[in-house]
Q: 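First the structure, then my questions, so here it is.
Here is how names work: the chains are called A, B, and so on, in the same order as the sequence lines, proteins then strands, and each is numbered from 1. Side chains included, hydrogens not; waters and symmetry mates left out as well; all remaining heavy atoms used.
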Number of protein chains: 2
Amino acid sequence: MDETASTEAPRPNLAAVAALAGVSASTASLAFSGAGPVSDATKAKVLAAAAQLNYAGPDPRGQSLRRGRSGIVGVVLEDSVSEAFRDPMNIATLDGISDAIGPSGSALLLLTDNAEGPSSFRSVPIDAVVLIGCSTRLADAVHVFAQRGVPIVGIETEPMPSVLAVDLDNRLASRRLAEHLRDLGHRDVTMVTLSLDAPHARGWATPEWEARSEGYTASQRIAGVRDVFPASSAFVSSASTVDEGYRAALEVLASSERPTAIVAQSDLLAVGVIRAAQELGLAVPNDLSVVGFDGVRLDGIAPIDLTTMVQPAFAKGRAAGEGVLALLAGEAPAGQLFDSEFHLGATTAPPQSARTAHH
Amino acid sequence: MDETASTEAPRPNLAAVAALAGVSASTASLAFSGAGPVSDATKAKVLAAAAQLNYAGPDPRGQSLRRGRSGIVGVVLEDSVSEAFRDPMNIATLDGISDAIGPSGSALLLLTDNAEGPSSFRSVPIDAVVLIGCSTRLADAVHVFAQRGVPIVGIETEPMPSVLAVDLDNRLASRRLAEHLRDLGHRDVTMVTLSLDAPHARGWATPEWEARSEGYTASQRIAGVRDVFPASSAFVSSASTVDEGYRAALEVLASSERPTAIVAQSDLLAVGVIRAAQELGLAVPNDLSVVGFDGVRLDGIAPIDLTTMVQPAFAKGRAAGEGVLALLAGEAPAGQLFDSEFHLGATTAPPQSARTAHH
DNA sequence: CTGTTAGCGCGTTCAC
DNA sequence: GTGAACGCGCTAACAG
């Protein structure tokens with residue numbers, strides 16, 4: 001009975017409703033949108049006809065075409081949905097965007113980077129798009145959107161013309177962490193970084209690999225640490241998870257020259273690093289200092305007071321959302337740069353050498 | 001310079017491109033879609049004209065209207081984005097949906113329940129919609145979608161006509177957990193439940209409250225436990241988080257008649273419960289047995305081997321996605337019921353009374 | 001292989 | 001207050 005329905009009930013039209021109500025289509029339209037002047041009587045007639053025909057109101061597709069707006073804002077994430085949402089920062093950012101554009105009646109469309117699906121970027125009816133920490137290789141997608149006149153906001157993306165930037169002081173913040181470690185007396189610091197490319201490889205960073213990095217944020221944070229420790233090495237993780245931090249730390253701490261401190265590029269990685277250290281019998285911070293990045297609320301994850309840089313993820317999202325609204329309104333908003341805040345936790349201390357020297 | 005652009009460069013049309021290329025609009029259309037037979041020569045001409053006009057290809061809004069499809073599948077979540085994604089089960093489900101519909105070239109539109117935003121449900125150009133564990137009060141939204149001919153899939157939603165059900169054996173699974181506790185000798189069991197309504201109140205459940213519950217899943221799980229322990233009381237939490245489990249357990253364990261076991265309706269709640277118990281000096285499972293629900297990978301959260309029911313969240317999502325595709329293809333797929341699997345962890349043991357009795 | 005015709009469902013003039 | 005006419009951008013169906 002749910003078949004093609006043959007000739008019965010061809011989904012009703014505004015025109016059909018208008019005809020039944022004995023008015024013109026435009027009048028019926030006004031009756032629904034409530035915009036123009038329509039007598040209560042005819043309005044009632046139209047609504048009655050609609051009810052009789054089981055008409056649910058104007059077709060959104062027609063409205064989109066006519067208005068030139070779909071009421072949809074795209075959000076481009078790297079990787080799959082689940083991978084992207086494993087990171088609380090992404091969720092907070094998304095929430096911020098949602099919070100900002102919600103009042104305008106727009107909804108968020110999830111677009112993933114990796115998928116070269118048939119209809120991916122090219123054929124999606126979006127009014128604007130937000131890039132969340134996407135890799136460099138999105139350049140062509142950016143071009144398509146720009147050409148189409150779709151406003152683009154980039155959160156922590158490489159600066160590009162036609163992309164409104166909502167950025168974070170990644171380099172400065174990382175430098176700040178490195179300085180903290182240096183001031184404590186550390187000289188031997190190793191990084192555990194976020195992913196550098198799409199295949200999500202894992203392993204020790206090489207100059208070549210770093211050079212062709214597609215991870216803007218990761219590269220910025222590496223640069224910040226290198227500002228202080230130019231020779232520090234880096235182990236590239238494949239994702240921002242506790243598990244990856246754990247795996248990375250096992251390798252880092254097994255290397256012949258064990259560092260006295262590890263700079264993890266996210267709090268989740270840092271938690272994994274600490275777990276690995278403890279498992280290897282290293283006390284944090286006495287045997288090993290660890291710093292993170294993000295300022296995730298770890299309440300539910302681990303009872304650790306991490307030394308880290310707290311970044312305003314929700315505010316970043318809000319700013320991106322407001323940027324979208326401004327661009328859609330035809331304004332020319334300026335990009336924004338957000339600052340992270342240093343949080344001194346209980347995971348950093350002077351290295352053994354410094355302390356033994358003092359004794 | 002980003003002004004109204006006055007008369008300059010009125011975003012190019014298919015028609016404009018066709019005109020410049022000296023062909024008809026339909027030919028130009030074919031040149032882009034690649035569908036019909038077009039000589040390479042004219043195709044090149046069209047593409048050249050497009051490049052000259054800086055035309056990025058057919059407007060998705062026009063395509064949507066013409067095809068009657070927007071390539072967008074809506075996903076209705078309760079609460080805000082961040083709240084919904086705090087629960088790993090929702091993420092896994094979303095990932096499953098994404099995985100299933102991705103190949104079809106569709107993308108996911110995030111719709112939140114609470115927002116009565118201007119354009120919310122009524123005016124969104126979606127081809128189908130998936131309800132994820134939404135509260136009962138979505139009934140009218142369901143009506144609108146159904147009226148409009150938008151296929152609806154409901155994951156763990158109250159059975160409704162015109163909604164394709166993807167359900168979980170919540171009641172049976174909860175009964176299974178309760179039986180496990182009963183078999184261990186427990187008689188005094190209290191529940192910590194998921195939220196029962198939109199305001200997300202917290203507190204001891206009353207018969208009236210349970211009766212007007214809008215949380216289908218929560219109610220089913222309560223019923224499952226009551227099948228075994230008819231008199232068991234329930235403390236309603238306001239969300240599925242570790243924090244909420246902690247808060248709930250503090251109240252439950254402070255009550256005059258402390259239970260020997262707690263049935264938490266999610267693993268996150270269970271972890272919070274255990275944390276509270278430990279803080280109160282109660283050993284798990286010796287002083288208190290705790291069971292959860294979901295089978296979340298706790299690796300990154302806590303080193304606890306929880307006794308729980310493992311549910312196939314990703315598979316549920318996949319099934320929902322496949323249901324969407326089938327419905328869009330005009331088929332009449334059957335609803336699905338997924339089974340949870342009992343996992344015996346290390347958080348349950350016979351109650352003190354039983355053990356002391358044996359000695 | 002290409003052009004012509006005819007809408008898809010709706011919003012917006014501008015007259016009446 | 002109302003209705004006729006037109007256009008939004010694209011495409012299926014047919015004719016040539």
Side-chain angles (χ1 to χ4, degrees), chain A residues 10-47 49-50 53-71 119 122-127 147-150, chain B residues 10-47 49-50 53-71 119 122-127 147-150:
Chain A
R11 202 156 297 292
N13 250 351
L14 220 207
V17 173
L20 201 165
V23 300
S24 78
S26 78
T27 302
S29 175
L30 293 183
F32 280 106
S33 69
V38 184
S39 74
D40 288 349
T42 49
K43 187 168 183 176
K45 259 198 307 188
V46 172
L47 262 41
L53 259 50
N54 198 31
Y55 176 72
D59 186 321
R61 281 176 283 261
Q63 299 186 125
S64 293
L65 177 58
R66 190 61 184 96
R67 296 203 225 273
R69 289 277 167 86
S70 62
S119 92
R122 206 162 220 91
S123 58
V124 174
I126 54 179
D127 297 337
Q147 201 174 348
R148 190 163 255 141
V150 174
Chain B
R11 202 156 297 293
N13 246 353
L14 219 207
V17 173
L20 202 165
V23 299
S24 77
S26 78
T27 302
S29 174
L30 292 182
F32 280 105
S33 69
V38 183
S39 75
D40 287 350
T42 48
K43 186 168 184 175
K45 260 197 307 188
V46 172
L47 261 42
L53 260 50
N54 199 30
Y55 177 72
D59 186 321
R61 282 175 282 260
Q63 297 186 122
S64 293
L65 177 57
R66 191 61 184 95
R67 297 203 223 274
R69 288 277 166 87
S70 62
S119 93
R122 204 162 220 93
S123 58
V124 173
I126 54 179
D127 297 337
Q147 200 175 346
R148 189 163 254 141
V150 174

Q: With a 3.5 Å distance limit and no angle check, can you tell me whether B/Arg122 reaches the backbone of A/Pro60 through a side-chain donor-acceptor pair?
A: no
Q: Out of curiosity, B/Gln63 CD to A/Leu65 CG, how far, rounded to the nearest 0.5 Å?
A: 11.5 Å
Q: So B/Phe32, base contact, sugar-phosphate only, or nothing? Heavy-atom distance under 4.0 Å.
A: nothing
Q: Between the protein and nucleotides 1-5 of chain C, list the N/O to N/O atom pairs that are separated by less than 3.5 angstrom.
A:
| from | atom 1 | to | atom 2 | distance (Å) |
| --- | --- | --- | --- | --- |
| C/dT2 | OP1 | B/Ser39 | OG | 2.6 |
| C/dT2 | OP1 | B/Thr42 | OG1 | 3.3 |
| C/dT2 | OP2 | B/Ser39 | N | 2.6 |
| C/dT2 | OP2 | B/Ser39 | OG | 3.3 |
| C/dT2 | OP2 | B/Thr42 | OG1 | 3.0 |
| C/dG3 | OP2 | B/Ser24 | N | 3.3 |
| C/dG3 | OP2 | B/Thr27 | OG1 | 3.1 |
| C/dT4 | O4 | B/Ser26 | OG | 3.0 |

Q: Taking 4.0 Å as the cut-off, does a side-chain nitrogen or oxygen of A/Tyr55 come that near to OP1 or OP2 on C/dG9?
A: no
Q: At a heavy-atom distance below 4.0 Å, what parts of residues 63-70 of chain A sit against DNA chain D?
A: A/Leu65, A/Arg66
Q: Between the side chains of A/Asp59 and A/Arg66, is the shortest nitrogen-to-carboxylate-oxygen separation below 4.0 Å, so that they form an ion pair?
A: no
Q: Need two values: the first and the last nucleotide of DNA chain D, 5' to 3', having an atom under 4.0 Å from any heavy-atom of chain B.
A: D/dG9 to D/dA12
Q: Quick one: which residue pairs count as a salt bridge (charged side-chain N to carboxylate O under 4.0 Å, His left out) with a foot in residues 21-46 of chain A, not counting sequence neighbours?
A: none
Q: Please tabulate the protein-to-nucleotide N/O contacts below 3.5 Å involving nucleotides 14-16 of chain C, giving atom names and distances.
A:
none

Q: Rounding to a whole Å, what distance do you find between A/Asn13:CG and C/dG11:P?
A: 12 Å
Q: Closest approach of B/Ser70 and B/Ser64, non-hydrogen atoms and distance?
A: CA-OG, 3.6 Å
Q: Can you tell me how far apart OH (B/Tyr55) and CZ (B/Arg11) are? Round to the nearest 0.5 Å.
A: 11.5 Å
Q: Identify the heavy atoms of B/Asp127 and B/Gly71 that sit nearest to each other, and give their distance.
A: OD2-N, 2.7 Å
Q: Once you round to the nearest 0.5 Å, how far does CD1 of B/Ile126 lie from CZ of A/Arg61?
A: 9.0 Å
Q: Yes or no on side chain to side chain contact (heavy atoms under 4.5 Å, CB included) for A/Leu47 and A/Phe32, after CA distance, side-chain angles and deciding distance?
A: CA-CA 8 Å; A/Leu47 262 41; A/Phe32 280 106; 4.2 Å; yes
Q: Considering just the side-chain nitrogens and oxygens of A/Ser29, establish if one lies under 4.0 Å of OP1 or OP2 belonging to C/dG11.
A: yes
Q: State, to 0.1 Å, how close B/Leu14 and B/Ala25 come at their nearest heavy-atom pair, and which atoms those are.
A: CD1-O, 3.8 Å
Q: Note the angle between the end axes of the helix from C/dC1-D/dG16 to C/dC16-D/dG1, five pairs defining each, rounded to 10 degrees.
A: 40°
